[in-house]
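I have placed the structure first, in the form of structure tokens, so that the comments after it can refer back to it.
As the structure is a prediction and not an experimental result, all values here were calculated from the model. Residue numbers start at 1 and run along the sequence shown. All heavy atoms count here, side chains included; hydrogens, waters and symmetry mates do not.
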Amino acid sequence: MSMNLGGGKGGIKADINVTPLVDIMLVLLIIMMLIAPLLQKGVNVRLPLADNTTEKPSTQDQTVVHVDAQKGLYVNNIQVSESEAVDRIKAALEEKAERVVYLKADTDAPYSAIMNMMDKLRENGIENVALITESRKKAEGGGD
């Protein structure tokens, strides 16, 4: 390769060297690919296992309520108190066409905490509650 330093015929040549730009963009792309899954983790709950399950819906644009082992409540991955949980759920459902609440409860969560959440939802007119479980077949490695 030769390099034109000006001089002779054409004068100064002002080309942009895109190699450093491409290097920086590739590094940023790799960083984003590594960080993105960590940001989408959500609430750490161990779902109960069940035999007769259907495929879990994508909960990216759904209203999801988590109940952790210490009776902590999370609405769309944001921790809320018991008193404000239903208000947050109602606000989230107002902008959705599908008015279904997906309830993910930890295996070690007290049954009373789960039923209390379901009672509060029903008292406030939210009848469509889906309980999310993990497929026993997939958990044991025998799944598709």
Side-chain angles (χ1 to χ4, degrees), residues 1-6 10 12-144:
M1 284 198 196
S2 65
M3 190 162 122
N4 188 0
L5 297 175
I12 296 176
K13 188 172 185 179
D15 284 340
I16 297 174
N17 188 359
V18 295
T19 304
L21 176 68
V22 171
D23 289 344
I24 291 171
M25 294 306 292
L26 286 174
V27 168
L28 290 175
L29 177 67
I30 291 169
I31 290 171
M32 292 304 294
M33 288 171 52
L34 293 174
I35 298 291
L38 298 175
L39 295 176
Q40 297 176 358
K41 175 76 170 96
V43 180
N44 191 17
V45 293
R46 201 173 75 232
L47 295 175
L49 300 177
D51 287 324
N52 192 11
T53 63
T54 59
E55 196 62 35
K56 283 188 279 190
S58 170
T59 55
Q60 295 289 3
D61 57 342
Q62 305 295 338
T63 304
V64 182
V65 177
H66 293 86
V67 180
D68 66 7
Q70 290 79 32
K71 297 184 185 180
L73 294 175
Y74 298 82
V75 176
N76 292 336
N77 297 330
I78 299 171
Q79 188 168 15
V80 295
S81 67
E82 193 172 330
S83 60
E84 67 179 339
V86 176
D87 293 333
R88 285 274 181 117
I89 295 167
K90 281 179 155 181
L93 287 176
E94 284 178 3
E95 55 200 41
K96 306 258 175 29
E98 185 182 21
R99 295 183 48 87
V100 177
V101 174
Y102 293 96
L103 184 59
K104 291 184 172 185
D106 194 286
T107 303
D108 298 328
Y111 185 70
S112 60
I114 300 165
M115 289 309 299
N116 187 29
M117 186 71 240
M118 290 181 70
D119 285 342
K120 286 186 185 238
L121 291 172
R122 290 221 169 100
E123 284 173 7
N124 288 282
I126 302 169
E127 294 289 328
N128 295 328
V129 179
L131 299 174
I132 304 298
T133 61
E134 192 70 45
S135 173
R136 190 180 312 272
K137 294 173 188 168
K138 286 186 181 179
E140 293 173 351
D144 303 306

Pairs where [range] contributes a residue and the test salt bridge (charged side-chain N to carboxylate O under 4.0 Å, His left out) is met, not counting sequence neighbours:
range            : answer
residues 63-75   : none
residues 109-132 : E82-K120, R122-E127
residues 85-97   : none

Any side-chain heavy atom of [X] sitting closer than 4.5 Å to one from [Y]?
X    : Y    : result
M117 : V86  : yes
V101 : N128 : no
H66  : L73  : no
I89  : V65  : yes

Worksheet entry | Pair listing, side chain to side chain donor-acceptor pair (under 3.5 Å) test, anchored in residues 14-36, at least two apart |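 Listed by first then second residue: N17-T19.
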
Discussion item. Once side chain to side chain donor-acceptor pair (under 3.5 Å) is applied, what residue pairs with a partner in residues 24-35 remain, sequence neighbours excluded?
Written reply: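 Non-adjacent pairs meeting side chain to side chain donor-acceptor pair (under 3.5 Å): zero.
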
Side chain to side chain contact (heavy atoms under 4.5 Å, CB included) partners of [X], counting only residues at least two apart:
X    : result
I24  : L28
S83  : S81
M33  : L29
D108 : R46, A69, D106

Discussion item. Please find the pair of heavy atoms, one from A105 and one from P48, that lie closest to each other, and give the distance.
Written reply: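 Result for this residue pair: O-CD, 3.3 Å.
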
Worksheet item: Around atom CG of L21, are there more than 12 heavy atoms of other residues, nucleotides or ligands at under 6.0 Å?
Response: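 More than 12 heavy atoms, drawn from other residues, nucleotides or ligands, come within 6.0 Å of this atom.
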
Worksheet entry | Full working for side chain to side chain contact (heavy atoms under 4.5 Å, CB included) between V75 and E84 | CA-CA 10 Å; V75 176; E84 67 179 339; over 6 Å; no

When rounded to the nearest 0.5 angstrom, what is the spacing between [atom1] in [X] and [atom2] in [Y]?
X   : Y    : atom1 : atom2 : value
L49 : T133 : CG    : OG1   : 8.0 Å
Q62 : I132 : CD    : CD1   : 9.0 Å
R99 : L93  : CZ    : CG    : 5.0 Å

Practice prompt. Using the side chain to side chain contact (heavy atoms under 4.5 Å, CB included) rule, take V67 and L103 through it: C-alpha gap first, then chi angles, then the decisive distance, then the call.
Written response: CA-CA 8 Å; V67 180; L103 184 59; 4.0 Å; yes

